[in-house]
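Naming convention: chains lettered A, B, ... in sequence-line order (proteins, then strands); numbering from 1 in each chain.
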Amino acid sequence: MSVVVMQKEQLRSVIEAAIRAAQRSGELELSTVPEIGLEAPRDAGHGDFASNIALVAAKMARKPSREVAQIIVDHLTLGEFIQDVEVAGPGFINFFLSKQWLNDTVRIIDQQGESYGDSQLGSDQKILLEFVSANPVGPMNVVNARAAAVGDTLARLFRAVGYTVGTEFYVNDAGNQADVFARSLEARFQQLSDPDYPFPEDGYPAAYVGDLALRLKETHPELAEMSLEDRLAFCKRWGTDQMVEMQRNDLRNYGVEFDLWFRERDLHAAGALEKSIANLKKRGMIFEAEDALWFRSTEFDDDKDRVLVKSDGSYTYVTADIAYHQDKLQRGYTKLINIWGPDHHGYIGRMQAAIQALGYSKDTLEVLILQYVALMRHGQQVKMSKRAGEFITMQDLVEEVGKDAARFFFLNRSPESHLDFDLDLAVQQSNENPVFYVQYAHARISSILRQGQEMGVFLPRADQVDLDLLVHESEVALMKQLATLPDEIVAAALQREPHRITRYALDLASLFHSFYTHCHILGEKEELRNARLVLAASVRTVLRKVLGLLGVDAPEQM
RNA sequence: GCGCCUGUAGCUCAGGGGAUAGAGCAUCGGACUUCUAAUCCGAGUGCCGCAGGUUCGAUUCCUGCCAGGCGCACCA
């Protein structure tokens, strides 16, 4: 349990005791004791924690809220940990605590290191997080990059709160687009020996297909002798494999590695689609109409029923997806989370219908929809056109601004917000660039510790220093921020809001920079110096922790 | 027409049933003989899109409307 939660629990029991005492004395008439709300006020002048209990209880008590607050305060038994209490505003009760809990926080960080903030809340869940899943027919785009950052950090957050997590990239290597891609590659291959060989009308004109054809010619010249059918099949398999490798490599450079790259073609080969259909049929969810086989998804609130087998006998995309999700569940996952782009939101209904049709509850599948990314350069939106080949890929972006800036910028916005990505800002090495701001705080602390060592001053353990010496406003604010990390991690994980962590990192860095300006460390007398060294070190530990969650490097110097 | 997301300071965005609505940037003014000035300190800025409703209290929740972005295939 986090120190913050412990403080709240303690305060809650103190408040509850006061209410009961007031009830016994007849000053407060309440049929039940309402939920006692406690929060850390934004304004430090409002204490460490504030309760709105008097405002909530005022109506039931038939007394003005300020009066209720005063009655509760009069019956409070102040232990050692509460230094002061006040009634404020419309009836808030503000608690000012002794800073023991903040000292405890620093000691805990020293003990736990970068596992500080981890918990075991989610130990009973086994989550499968699927994200990116870009088609293996070309380079990834910037929404894929956003999805990769969000998905990867969510996975790290889930692990931090104790979930068992598997991350997967679903490779759609058996569908229509893979066929179009195979035909494009085959045509480019043939054109190397016969320039007049026709290129498919709907083919991919981009240059990378031609490059790929060149490599194909070098490594597999025997292809020229095969039948068209065999050649296409080879192009499909070999070509998508090449694309997968490229994507895997791009993602690795971006700090994202998946536990599993799941191939759609494996589902087909294993007969999984037929099995899923049979399963649905058994449950009475299938009907035939217009020469096609349909899934009665309207049974589960979908807008319309969906075709699984087209009139030409081929499968639709949903069919493979149903089989894939069934496979996930059969592997023992209790919660499936997919991160999709905004163009797929209309797809949620049919997949949740499928999950229910297979006998699972609707919320077994949770879909997070990301919104679009607009790249901004010189204050103007960068226009992209696939057709004209003007297209900034994920790799282009990472090469231009670096992994750290790209990830941080994507994670610095709530996932459902439309994102303006300022390319000029992302490459700036200045205070305007938030990722540098945070990294600089880490480098500064590292530098202090380094210089300390050079002059023979070593970092003491937290329990060897007098943390009560840390009383400066900026020190106390810093310690409070450190104390909130465990709760922030839990909130970010449970609410799927990784941007809470970038925010936290920025706030922590800001508080550190302020502390740094106001409080010197190495030049101070030994006792104070040591206490501040421990504080600075704990800030560094926490910065490492949060940057690690974000997948951003924590440089020792800049 | 139906659905999803968004609408908060000049700009980019947080926040969220409660106490004077926040941050960064931009603007203006300060701070380096001292551990990295890639920093800090200070100043101004708001019909929280509009209109109703619920509530002791709404910028936050609900409904309707307006505006912007994006979807609505026997494509993926």
Side-chain angles (χ1 to χ4, degrees), chain A residues 37 39 41-43 45-46 50 52 55-56 58-59 64-65 88-92 94 133-135 137 172 174-178 180 202 264 289-294 303-304 306-321 341-349 369-372 374 376 379 409 412-422 425 428-434 436-437 439-441 443-452 454-455 457 474 499-500 502-503 506-507 509-510 512-524 529 532-533 536 557-558:
Chain A
E39 57 165 26
R42 280 193 284 271
D43 185 344
H46 294 149
N52 66 346
L55 289 94
V56 178
K59 194 175 188 188
S65 47
F92 288 100
N94 295 339
S133 299
N135 280 319
V137 299
N172 187 231
N176 230 355
Q177 296 198 32
V180 174
D202 56 351
E264 181 186 351
E290 301 162 54
D291 294 329
L293 205 64
W294 296 69
D303 302 333
K304 49 187 283 196
R306 306 294 171 176
V307 171
L308 296 185
V309 183
K310 298 182 229 173
S311 49
D312 68 0
S314 62
Y315 295 106
T316 61
Y317 177 81
V318 207
T319 314
D321 234 12
D343 49 336
H344 280 68
H345 92 263
Y347 210 75
I348 299 174
I369 296 290
L370 294 177
Q371 294 301 319
Y372 277 106
M376 308 294 286
F409 274 51
N412 197 24
R413 297 282 177 261
S414 71
E416 71 270 19
S417 74
H418 303 251
L419 171 63
D420 283 352
F421 192 113
D422 187 338
L425 179 59
Q428 264 184 58
Q429 311 215 345
S430 76
N431 55 344
E432 294 169 36
N433 187 342
F436 277 88
Y437 184 82
Q439 288 180 318
Y440 180 48
R444 260 187 158 172
I445 299 170
S446 302
S447 168
I448 294 166
L449 296 176
R450 231 175 9 246
Q451 292 195 32
E454 280 163 20
M455 53 202 265
V457 175
S474 66
H499 67 289
R500 281 173 171 272
T502 48
R503 193 124 217 114
L506 283 165
D507 288 344
S510 168
F512 174 77
H513 287 309
S514 180
F515 158 74
Y516 178 92
T517 317
H518 292 108
C519 302
H520 279 238
I521 300 173
L522 294 176
E524 299 291 341
R529 179 197 70 199
R532 284 183 175 165
L533 269 178
Q557 55 190 30
M558 296 176 74

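In this structure, A:Ser311 contributes its side chain and A:Asp291 its backbone to no donor-acceptor pair below 3.5 Å.
Taking atom CZ on A:Arg444 and atom C1' on B:C32, their separation rounds to 11 Å, with Å as the unit. For the pair A:Asp312 CG and B:C75 P, the interatomic distance rounds to 8 Å; values are reported in whole Å. Put simply, CG on A:Asn52 is 14 Å from C1' on B:U55, counting in whole angstrom units.
Residue A:Tyr437 has a polar side-chain atom (N or O) positioned under 4.0 Å from OP1 or OP2 of B:C40.
Not counting sequence neighbours, the partners of A:Tyr317 by the ring pair (Phe, Tyr, Trp, His ring centres under 6.0 Å) test are A:Tyr347. Listed by chain and number, the residues in a ring pair (Phe, Tyr, Trp, His ring centres under 6.0 Å) with A:Phe92 amount to none (sequence neighbours excluded). Not counting sequence neighbours, the partners of A:Val180 by the side chain to side chain contact (heavy atoms under 4.5 Å, CB included) test are A:Arg183, A:Ser184, A:Asp202, A:Tyr204. Every residue two or more places apart in sequence or in another chain was checked for a ring pair (Phe, Tyr, Trp, His ring centres under 6.0 Å) with A:His520, and none qualifies. In terms of the ring pair (Phe, Tyr, Trp, His ring centres under 6.0 Å) criterion, A:His345 has no residue partners (sequence neighbours excluded).
Checked by distance alone, A:Asn176 brings no side-chain donor or acceptor within 3.5 Å of a matching partner on the base of B:A73. With hydrogens and angles left out, the side chain of A:His345 and the base of B:G71 share no donor-acceptor pair within 3.5 Å. Looking at A:His513, its side chain has no donor and acceptor atom pair within 3.5 Å of the base of B:C40. A donor N or O paired with an acceptor N or O is found under 3.5 Å between the base of B:C74 and the side-chain atoms of A:Ser311.
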With both pairing distances under 3.5 angstrom for Watson-Crick or G-U wobble, and | for a partner in another strand, the correct string for RNA chain B is (((((((..((((....[...)))).(((((.......))))).....(((((..]....))))))))))))....
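Residue A:His418 places its side chain closer to B:G68 than to any other of B:A14, B:G68, B:C75. Of the candidate nucleotides B:U12, B:C70, B:C41, B:U12 has the atom lying nearest to any side-chain atom of A:Arg413.
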